[in-house]
Amino acid sequence: MPGKGWGMKGGFLVNSKTIMAILQRDRKASAPKVQEVLTKYGDNIKVRLGIHDTDENHSSDEGLIILQLCGSDEETGRLERELNSLEGVKAKKIILSFSDEVEQFIRSIEV
């Protein structure tokens, strides 16, 4: 549930950015299932960045995916829960906002 300073409009948090970090313990084993879930929620993903340590001789088993999400808090919550239900996968949604500062500024200039 949004806290003080959050604006809700049609189930969407306004003036905020939703980021999700997904950590995969064994990315080679979990990648197909993770990809299936991400494809299911593809309309809610603006940006996707995959990171893992690699060089010419070795590729890390652990992987990190960073997403910028769009859509309602309910939709992104379902995505987070589905990813966390997968073995060896940990997902965490982070909501960033300047809305408190924006609201304070607006109140200060209202006549």
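- The stretch residues 34-46 participates, sequence neighbours left out, in these salt bridge (Lys or Arg N to Asp or Glu O under 4.0 Å) pairs: Lys40-Glu82.
- Scanning both residues, Ile45 and Leu38, for their nearest heavy atoms gives CD1-O, 3.7 Å.
- Residues passing the side-chain contact (heavy atoms from CB on, under 4.5 Å) test with Arg25: none are found, sequence neighbours excluded.
- Under the side chain to side chain donor-acceptor pair (under 3.5 Å) criterion, Lys93 pairs with Asp73, Thr76, sequence neighbours left out.
- Here the NZ-OG distance, from Lys28 to Ser60, works out to 8.5 Å after rounding to the nearest 0.5 Å.
- At a threshold of 4.5 Å between non-hydrogen side-chain atoms, the residues Leu67 and Ile22 count as touching.
- Qualifying salt bridge (charged side-chain N to carboxylate O under 4.0 Å, His left out) partners for Lys92, counting only residues two or more places apart in sequence or in other chains: none.
- Two residues are said to be in side-chain contact when any heavy atoms from C-beta on lie closer than 4.5 Å; Thr18 and Ile94 fail this criterion.
- Summarising the geometry of Leu96 relative to Ile19, their closest heavy-atom pair is CD1-CG1, 4.4 Å, with the distance given to 0.1 Å.
- Take Gln35 and apply the side chain to side chain donor-acceptor pair (under 3.5 Å) test, not counting sequence neighbours, and it matches Thr39, Arg48.
- At a threshold of 4.5 Å between non-hydrogen side-chain atoms, the residues Glu62 and Leu64 do not count as touching.
- Put simply, the side chain of Val89 reaches to within 4.5 Å of the side chain of Ser30, judged on heavy atoms.
- Shown here for Ile65 and Gln24, the closest heavy-atom pair between the two residues is CD1-OE1, 3.5 Å.
- With sequence neighbours left out, Arg81 forms a side-chain contact (heavy atoms from CB on, under 4.5 Å) with Arg78.
- The hydrophobic cluster containing Leu69 does not contain Leu23, counting ILVMFWY residues as joined when their side-chain heavy atoms lie under 4.5 angstrom apart, directly or transitively.
- Here the side chain of Asn44 pairs a donor or acceptor atom with the backbone of Cys70 at under 3.5 angstrom.
- When all heavy atoms of Met20 and Ala91 are compared, the pair lying nearest together is SD-CB, 4.2 Å.
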